[in-house]
J.: 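Below is the structure I would like to discuss, written out as structure tokens.
Order of listing sets the numbers, starting from 1, for every ligand and every atom in it.
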Amino acid sequence: MASRDHEVVVIGGGLAGMYEIKRLTDLGVDAVVLDANDDLGGTWYKNRYPGSRFDSESFTYGYSFSEEVLDEWHWTEQFSPQHETLRYLNFVADKFGLREHMQFGCRVDAMVFDDDTDTWRLTLDNGREITTHFVLTALGILSIPSEPSIEGMDSFRGDSFHPFDWPDELDLTGKRVGVIGTGATAIQLIPEVAKEAAELTVFQRRPNWAAPLNNAPISEEEMDEIRARYDEIFATCARTPGGFEHEPDRRCFHDVTPEERLELWDRLYDGPGFGIWLQNFVEIFTDEDANTEFSEYIANRIRQRVDDPDLAEKLIPTDHGFGIQRVPLETHYFEAYNRDNVRLVDVSDNPIERITPDGLETSDAAYEFDVIVYATGFDAFTGPFDRMEIRGIDGQRLRDKWADGPVTYLGLMVSGFPNMLMLAGPQIAATNFPRGAELAVDWSTPLLEHMWQNGYRRFEADADAEQGWVDHVAAMYEPLLLRTAKSWITGYNSNVEGHEYGKMRLNIYNGGGPRYAARLSQVADDGYQGVTLT
Ligand code: NAP
């Protein structure tokens, strides 16, 4: 056996990486987590912008694996804010002593597979080298912020940053702030920034459909009820396509009266979380007519909330229907535009041309700011892999293999890249993130155990099986209106070369959590069908 530093390296110490290291260390395996950040938490360590919180009900977001954690942890809000979620992850790490298996400030620049020894050699940005038998990536799907390249960005005299890198000590009191972008991140931070800043200017290229989060505190009594229901909650999450407690309305859209539709939509709009998206009629996602009628309903709700009718129209998307892109949930987003200190600048026809020392210029006006926030999204899914030099058999680069979009087997492995598993990579089921991450960890860990128990040294996805999976992923996009989305889900990002609209990238598995879980079980039960073990 070749000597190596570790049996397993997990890259990424967020939610998925933490659960994986828990399982591996329970098995007594020599494993370590490497994380580029200074501490654990991944997404929840980084996204500290005002208003940052889940869109998932807190109690469906937590880990399900530990009765003790479920008994001891008290979520204080239906939709937990970032600081509480980070506290939760620290609580879990401390409880199970996970930190002693985690190394921070360790950015992996390269990993190269050695065909002779079946090991990976990792190189960190400080030159340190680490060898390991297996690599499990838990890089996050939205962990590489993508800022635009606009002339003059370096010349700005004030503070400018992506919300992913929001400065801890930033005080916006009395400041003039410009926010570029109106995605889920901007939609969370705009109402909060509006309360603090002297002036807030939002630069919108395309409006996004958004609906109320309807957050609320969770009392001690309510938390007791939640604890008593945890088995049922997780069973429901496992049964529903999106991994939430929200179950689709199974009535056919066309079989119910307009009054009945309205009754459902009013209830969902005023209800919590993704109900408005996931408890809706299934036809909203597949049928143009149903989607158009529902989008008009949401448009009217927006019109009721924005005082200036012209401004309301600017905030209503016209290029896509509700739910085709990932729906941002908001708290007083639309009302923020009723404030005197907030203005919306439509840059769809007047793009931002340059950043100046004092602010920015569009094609028809100049604006002065103390702070510019680039809420311009992420190089999603493949971005974190592309940033690393990952070389598999015969020196093949993963970045090259994925040039036109990700290609995987089950979203968990890649043919030509043996002994590598992805716990939060592309083409896993699009579900409430922790539910999918637990599924990935609970499938990957037994695969490794199976290898250790049977003396296997190497696993690799078969090329045919991989192609079969990619075809299946593509087929699952087919009936959905979302295949037309100009969104990170379909691989669009105007700030990343090669990610133009129309070049569809199969980033997610749209078949739903239950179908995905069944497939994983079936593959394992059939002796890891589609995977060669040697
Ligand atoms: P996003 O949805 O990709 O939005 C990026 C925004 O920036 C879009 O409005 C985009 O406009 C705009 N933009 C990009 N480049 C621009 C440019 N050069 N000039 C002008 N505008 C530009 O990114 P995000 O808001 O960070 O959200 C990404 C995902 O993160 C969400 O969909 C969600 O899944 C996740 N997220 C989750 C939560 C939560 O759970 N609560 C919170 C925040 C984010 P176009 O639309 O025209 O491209």
Side-chain angles (χ1 to χ4, degrees), residues 15 42-44 46-58 60-61 77-82 85 140-151 153 162-166 178-190 192 201-211 213 215 242 244 273-274 277 315 317-320 323-331 333 344-355 360 362-363 372-381 383 430-434 482 485-496 499-501 507-508:
L15 194 122
T43 286
W44 302 109
K46 289 297 292 180
N47 283 288
R48 292 160 186 243
Y49 59 84
S52 172
R53 65 174 67 245
F54 318 136
D55 287 345
S56 310
E57 280 75 5
S58 307
T60 70
Y61 193 94
E77 296 185 50
Q78 297 284 339
F79 301 91
S80 169
Q82 173 270 334
T85 308
I141 55 175
L142 295 158
S143 54
I144 303 289
S146 59
E147 290 188 0
S149 306
I150 307 175
E151 183 193 322
M153 278 173 77
H162 189 283
F164 197 68
D165 297 307
W166 195 276
V179 172
I180 302 174
T182 49
T185 302
I187 283 173
Q188 284 192 328
L189 68 84
I190 284 166
E192 296 303 315
T201 308
V202 177
F203 294 90
Q204 172 184 277
R205 193 164 62 182
R206 284 188 317 141
N208 225 317
W209 292 104
L213 178 66
N215 190 21
F244 290 88
F274 280 134
W277 200 24
L315 290 165
T318 52
D319 71 330
H320 67 283
I324 306 308
Q325 297 179 182
R326 197 286 208 178
V327 175
L329 296 180
E330 44 83 24
T331 303
Y333 173 66
L344 182 75
V345 176
D346 179 352
V347 290
S348 55
D349 292 328
N350 307 304
I352 298 167
E353 292 198 326
R354 69 186 60 80
I355 307 292
L360 65 78
T362 61
S363 51
I372 297 178
V373 181
Y374 294 101
T376 45
F378 293 86
D379 186 358
F381 293 102
T431 59
N432 194 357
F433 184 77
L482 83 69
K486 215 172 171 184
S487 136
W488 56 277
I489 304 267
T490 47
Y492 162 74
N493 185 324
S494 67
N495 305 313
V496 181
H499 290 226
E500 291 82 25
Y501 181 59
N507 279 338
I508 57 171

J.: Answer yes or no: is there a side-chain heavy-atom contact under 4.5 Å between Leu315 and Tyr333?
T.: yes
J.: Tell me, which protein residue and heavy-atom name are nearest atom 27 (O) of ligand 1, and how many Å apart are they?
T.: Thr185 OG1, 3.8 Å
J.: Would you mind telling me if ligand 1 is within reach of the side chain of Thr376, the backbone, both or neither, using heavy atoms under 4.0 Å?
T.: both
J.: Would you call Tyr374 a ligand 1 contact, heavy-atom distance under 4.0 Å?
T.: no
J.: Would you kindly specify which portion of Tyr49 sits under 4.0 Å from ligand 1, judged on non-hydrogen atoms: side chain, backbone, both or neither?
T.: side chain
J.: If you measure every N/O of Ala375 against every N/O of ligand 1, is any gap under 3.5 Å?
T.: yes
J.: For Ser494 and Arg205, does a side-chain donor sit closer than 3.5 Å to a side-chain acceptor?
T.: yes
J.: Output yes when the distance from some N or O of ligand 1 to some N or O of Phe203 is under 3.5 Å, and no in every other case.
T.: no
J.: Measure the distances from the heavy atoms of Phe378 to every atom of ligand 1 and state whether one is below 4.0 angstrom.
T.: yes
J.: If you have a sec, work out which protein heavy atom is nearest atom 48 (O) of ligand 1 and how many Å separate them, to one decimal?
T.: Arg205 NH2, 2.9 Å
J.: Provide, to 0.1 Å, the distance between atom 35 (C) of ligand 1 and the closest protein heavy atom, together with that atom's residue and name.
T.: Leu142 CD1, 3.6 Å
J.: Heavy atoms only, cut-off 4.0 Å: how does Pro148 contact ligand 1, side chain, backbone, both, or neither?
T.: side chain
J.: If you measure from each heavy atom of Ile352 to ligand 1, is any distance below 4.0 Å?
T.: no
J.: Taking atom types as modelled, find out whether Asn432 and Ser56 have a side-chain donor-acceptor pair closer than 3.5 angstrom.
T.: yes
J.: Of the protein's non-hydrogen atoms, which lies at the shortest distance from atom 3 (O) of ligand 1, and what is that distance?
T.: Gly377 CA, 3.8 Å
J.: List the closest protein heavy-atom neighbour of atom 28 (C) of ligand 1: residue, atom name, distance to the nearest 0.1 Å.
T.: Trp488 NE1, 3.8 Å
J.: Judged by atom type as modelled, is there a donor-acceptor pair below 3.5 Å linking the side chain of Trp277 to the main-chain atoms of Gly323?
T.: yes
J.: Taking atom types as modelled, find out whether Asn215 and Glu77 have a side-chain donor-acceptor pair closer than 3.5 angstrom.
T.: yes
J.: Side chain, backbone, both or neither: which part of Gln188 comes within less than 4.0 Å of ligand 1 when only heavy atoms are counted?
T.: side chain
J.: Under 4.0 Å, heavy-atom basis, I'd like to know which part of Asn47 is in contact with ligand 1: side chain, backbone, both or neither.
T.: neither
J.: Among all protein heavy atoms, pick out the one at the shortest distance from atom 15 (N) of ligand 1; state its residue, atom name and that distance to 0.1 Å.
T.: Asn495 ND2, 3.0 Å
J.: Identify the closest protein heavy atom to atom 38 (C) of ligand 1: which residue and atom is it, and at what distance?
T.: Arg326 NH2, 3.9 Å
J.: Is the closest side-chain heavy-atom distance between Arg326 and Ile508 below 4.5 Å?
T.: no
J.: With Glu330, which of Ile187, Ile190, Asn208, Leu213 fulfils side chain to side chain contact (heavy atoms under 4.5 Å, CB included)?
T.: Ile187
